[in-house]
Q: 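Right, I'll just put the structure down here and ask away after.
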Number of protein chains: 2
Amino acid sequence: MPANRAATRRDNQRHRTRKDLLEAAARLLQRGGVPGMDEVAAEAMVSRATAYRYFPSVEALLVEAPLDGLIPGPERVFPADDESTDPAERIDRAEAALHDACYRYEAQLRRMLAASLARTAKGSRRDGVPVRQNRRTLLIEAALAPARRRLSKSAYARLCAALAIVLGAESMIVFRDVLGLDERTARKVKSWAVRSLVAAALKDSDKRR
Amino acid sequence: MPANRAATRRDNQRHRTRKDLLEAAARLLQRGGVPGMDEVAAEAMVSRATAYRYFPSVEALLVEAPLDGLIPGPERVFPADDESTDPAERIDRAEAALHDACYRYEAQLRRMLAASLARTAKGSRRDGVPVRQNRRTLLIEAALAPARRRLSKSAYARLCAALAIVLGAESMIVFRDVLGLDERTARKVKSWAVRSLVAAALKDSDKRR
DNA sequence: CTTGACATGAGACGCAAGTCTCATTAGTGT
DNA sequence: ACACTAATGAGACTTGCGTCTCATGTCAAG
């Protein structure tokens, strides 16, 4: 057999089967509820056994189900023709964008969060599962760009970290599960918090001159 | 039958059964691994059916179990002879206490957080059942007590909610998993953030007079 | 064309979660 | 003391997850 061969039909088939499963899972997730392996397999027109041949568990499948493009990047929130310079207004806009995405895809984000927590708690067993990535920092840095020169390096890092706590999906967990607050209230609180934090950082640096 | 009756033997019995279940769960958790309802019930020397009569699911039990005594309450952070009045200093002290507990029991908190996330992602069936218990708000309110009169009701609620985002175990997840920051840095960022938020809230209210 | 490896389908199986019913024990009020 | 009711135990039952085996159709190399 050829040692190094480009994609054969079998490879294509495997790739398609895997993709079909992920897309089926995404469809079912968007339709609401949490599908079982049976449902996903049926939706993908594949037998249950085959589904388990590609993913070790339902969770593994659901975690990988397409989330790409759902979370807005800096280029969507701050288009090229955007000329705003007020960092508080910009960070609030970034927060609003992330807020909407978080609540729209709440179930999926919760699942990813839970999966990453389980992984770090037990000790990385699987390397196939996607590692947790950081989209919020890009957004925060883009929002803070106009004010970056006004802050010392450490103050800037501190502000970014503090904002990262507020901007992510984790704050949604706190609002809903711990505090029992609705989405609108959460948005107001976060809006006030991020604006206050930016203002505080800027005031700190002004004082030091 | 008496309409308003003090604790009868039945009440005591119920209370003891519930406590036995929680303690059994805590024991098993500390021993490592994630016990099933069968194990917890056996450890508590109670039938499985009874366990389900007190807790709607295994997770509900596990989430409540191991937190007792681990997270410091207001009375530990603010003893009766405490006479501090600076809300920023007090909230920082509360943050420090919660911070230490979070990092000391990190593994356990991660497990519980993952469990509660998995549950809410799956079900959406039980809306009445509190997903997580909320110990941080007690701490926050105790810390803010000296300044409560200086804030409007809505500003006070907003500040409490914002602080709840920073004070919990979720921020630890962000610091470690998303930002990759160590404990000392996390503490510094949170300390600055909570102080800034309290100061901002107080300044807001002063401005409005 | 033939042979073996491969992707899949079908379904049985064990396991744990959660629900439900019925019987038993023990407090509760009269 | 008596009837009543609440707390529990025991166990059957359903459902979904994950594993396993076997049969079938198909691709690939000689």
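Keep in mind that the numbers below use all heavy atoms, side chains included, and drop hydrogens, waters and symmetry copies. Not measured: the values here are computed from a predicted model. Naming: A, B, ... by sequence-line order, numbering from 1 per chain.
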Q: May I have the distance from R16(A) (atom CZ) to dT8(C) (atom C1'), rounded to whole angstrom?
A: 13 Å
Q: Is it true that E89(A) and R93(A) have a side-chain N and a carboxylate O under 4.0 angstrom from each other?
A: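 Looking at E89(A) and R93(A), the cut-off is met.
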Q: Between P35(A) and A51(B), who's closer to the 5' end of DNA chain D by nearest nucleotide?
A: A51(B)
Q: Rounded to the nearest Å, what distance is computed from the CG atom of residue D20(A) to the C1' atom of nucleotide dT8(C)?
A: 13 Å
Q: Looking at the side chain of R48(B), which of dG18(D), dG18(C), dA10(C) is the nearest nucleotide?
A: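 Closest of the options to the side chain of R48(B): dG18(C).
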Q: Atom NZ of K19(B) and atom P of dA7(D): how far apart are they, to the nearest Å?
A: 17 Å
Q: Just compare dT19(D), dT8(D), dA10(D) and give me whichever is closest to any side-chain atom of Y52(A).
A: dT19(D)
Q: Do E39(A) and R31(A) meet the salt-bridge criterion of a basic N to acidic O distance under 4.0 Å?
A: no
Q: Closest to the R53(B) side chain: dA10(D), dT8(C), dG18(C)?
A: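 Per side-chain heavy atoms of R53(B), the pick is dA10(D).
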Q: Is the shortest side-chain heavy-atom distance between Y156(A) and E141(A) below 4.5 Å?
A: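 When only atoms from C-beta onward are counted, E141(A) and Y156(A) do touch, with a gap below 4.5 Å.
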Q: Below 4.5 Å, heavy atoms only, C-beta onward: do R110(A) and R176(A) meet side chain to side chain?
A: yes
Q: Nearest whole angstrom, please: distance from the P of dT8(C) to the CZ of R18(A).
A: 12 Å
Q: Is the phosphate of dT8(C), meaning OP1 or OP2, less than 4.0 Å from a side-chain N or O of T17(A)?
A: yes
Q: Picking from dG9(C), dT8(D), dT8(C), which would you name as closest to the side chain of Q13(A)?
A: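 Looking only at heavy atoms from C-beta outward on Q13(A), the closest nucleotide is dT8(C).
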Q: Between residues 36-46 of chain B and DNA chain C, which residues have a heavy-atom gap below 4.0 Å?
A: G36(B), M37(B), D38(B)
Q: Output yes when at least one side-chain N/O atom of T50(B) is less than 4.0 Å from OP1 or OP2 of dG9(D), else no.
A: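 Result: yes.
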Q: Let me know the distance between NE2 of H15(A) and C1' of dC27(D), rounded to the nearest Å.
A: 19 Å
Q: Between R195(A) and D204(B), is there a salt bridge with N-O shorter than 4.0 Å?
A: no
Q: Considering only dT8(D), dG11(D), dC20(D), which nucleotide approaches the side chain of Y54(B) most closely?
A: dT8(D)
Q: Do E170(A) and V178(B) touch side chain to side chain, with heavy atoms closer than 4.5 Å?
A: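 When only atoms from C-beta onward are counted, V178(B) and E170(A) do touch, with a gap below 4.5 Å.
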Q: Run the salt-bridge test on R187(B) and E95(B) with the 4.0 Å N-O cut-off and return the result as yes or no.
A: yes
Q: In this structure, how many angstroms lie between the C1' atom of dG18(C) and the CG atom of L61(B), rounded?
A: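 Between C1' of dG18(C) and CG of L61(B): 14 Å.
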